[in-house]
Amino acid sequence: VDVVWLSSLLFLFISEVRELTSVIRSAKYGIYQAVFRDYLNFWNAVDWVSIICAYAVIGTYVRLITETGATTDTMSSYIAQDQQNLTTLQSEALSEKVFDAVESVVLAEADFRFTLMFYPIVVVVRLLKSFDAQPRLAIVTKTIYNAWK
């Protein structure tokens with residue numbers, strides 16, 4: 001399932017880059033004007049927001065997995081220590097490392113949840129893009145658009 005999602009995300013990215021390069025290549029006026037006049041519309045912006053949001057989710061997920069692995073290693077080294085032969089300062093230093101590692105996992109998990117919160121909204125807006133392509137379903141997007149005015 002993850003491979004299908006990643007491959008569809010890569011396909012979307014490649015499609016948008018191809019469309020952008022074709023607009024730039026066929027530009028009769030400056031590149032910036034061509035991008036803003038011919039390429040940048042609401043639905044292309046939705047596609048780019050979707051791509052950025054998906055890569056943010058991937059990045060925060062990788063960070064969460066990395067922090068979890070580091071915390072597991074820190075806890076394993078704490079458990080492996082001979083608690084009987086440690087001084088109070090050594091024990092406090094090891095405990096501080098464990099709490100810092102757990103704190104970094106909690107912060108990584110909060111960042112992951114925060115980025116994951118936006119993705120369903122972007123997916124719904126992309127769904128509305130597909131509605132706009134069909135004349136009968138376009139009534140839905142036109143109604144939402146008119147209600148927004």
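Values reported hereafter were calculated over all heavy atoms of this structure, with side chains retained and with hydrogens, waters and symmetry mates removed.
Closest non-hydrogen pair, Asn41 versus Asn44, comes out as OD1-N, 2.8 Å. Here the closest heavy-atom approach between residue Val35 and residue Leu20 is recorded as CG2-CD1, 3.9 Å. Residue Ser104 comes nearest to Glu67 through the heavy atom pair OG-OE1, 2.8 Å, listed as atom of the first residue, atom of the second, then distance. Nearest approach of Val102 to Met75, heavy atoms of both residues: CG2-CE, 3.4 Å. In terms of heavy-atom proximity, Thr68 sits nearest to Leu64 at OG1-O, 2.7 Å.
Atom CG of Asp47 sits about 5.0 Å away from atom CG of Leu12, to the nearest 0.5 Å. Residue Ile58 holds its CD1 atom at 10.5 Å from SG of Cys53, rounded to the nearest 0.5 Å. In this structure, the separation between OH on Tyr32 and CD1 on Ile24 is 9.5 Å, given to the nearest 0.5 Å. Ser26 contributes atom OG, which lies 13.0 Å from atom OH of Tyr39 (distance to the nearest 0.5 angstrom). For the atom pair CD1 (Ile139) and CD1 (Ile144), the distance works out to 12.0 Å, reported to the nearest 0.5 Å. Atoms CG and CD1, from Leu10 and Ile51 in turn, are 9.5 Å apart once rounded to the nearest 0.5 Å.
For residues 52-62, no residue pair satisfies the salt bridge (Lys or Arg N to Asp or Glu O under 4.0 Å) rule, not counting sequence neighbours.
More than 12 heavy atoms of other residues, nucleotides or ligands shown are found within 6.0 angstrom of NZ on Lys129. Within 6.0 Å of CZ on Arg37 lie more than 12 heavy atoms contributed by other residues, nucleotides or ligands.
Counting only heavy atoms from C-beta outward, the side chains of Leu107 and Arg63 approach each other to under 4.5 Å. Taking 4.5 Å as the limit, some side-chain heavy atom of Glu16 sits within range of a side-chain heavy atom of Trp48.
Contacts of Thr74 classified as side chain to side chain donor-acceptor pair (under 3.5 Å), with partners at least two apart in sequence or in another chain: none. Not counting sequence neighbours, the partners of Tyr119 by the ring pair (Phe, Tyr, Trp, His ring centres under 6.0 Å) test are Trp5.
Linking Ile, Leu, Val, Met, Phe, Trp and Tyr whenever their side-chain heavy atoms come within less than 4.5 Å leaves Phe99 and Leu94 in two separate clusters. Under a hydrophobic-cluster definition in which Ile, Leu, Val, Met, Phe, Trp and Tyr are linked whenever side-chain heavy atoms come within less than 4.5 Å, directly or via other members, Leu40 and Val23 are assigned to different clusters. Note on Val62 and Met117: separate hydrophobic clusters, where clusters join Ile, Leu, Val, Met, Phe, Trp and Tyr whose side-chain heavy atoms are under 4.5 Å apart, directly or indirectly. In this structure, Tyr55 is a member of the same hydrophobic cluster as Val57, with clusters built from ILVMFWY side-chain heavy atoms closer than 4.5 Å. Both Leu128 and Phe42 sit in one connected hydrophobic cluster of ILVMFWY residues. Membership requires side-chain heavy atoms under 4.5 Å apart, directly or through other members.
Between Phe112 and Tyr61, the ring planes are tilted. Angles from 30° to 60° get that label.
Remark: side-chain polar atoms of Ser50 are not paired, donor with acceptor, to backbone N or O of Val46 under 3.5 angstrom.
For the residue pair Tyr29/Asp38, the side-chain donor-acceptor check at 3.5 Å is satisfied.
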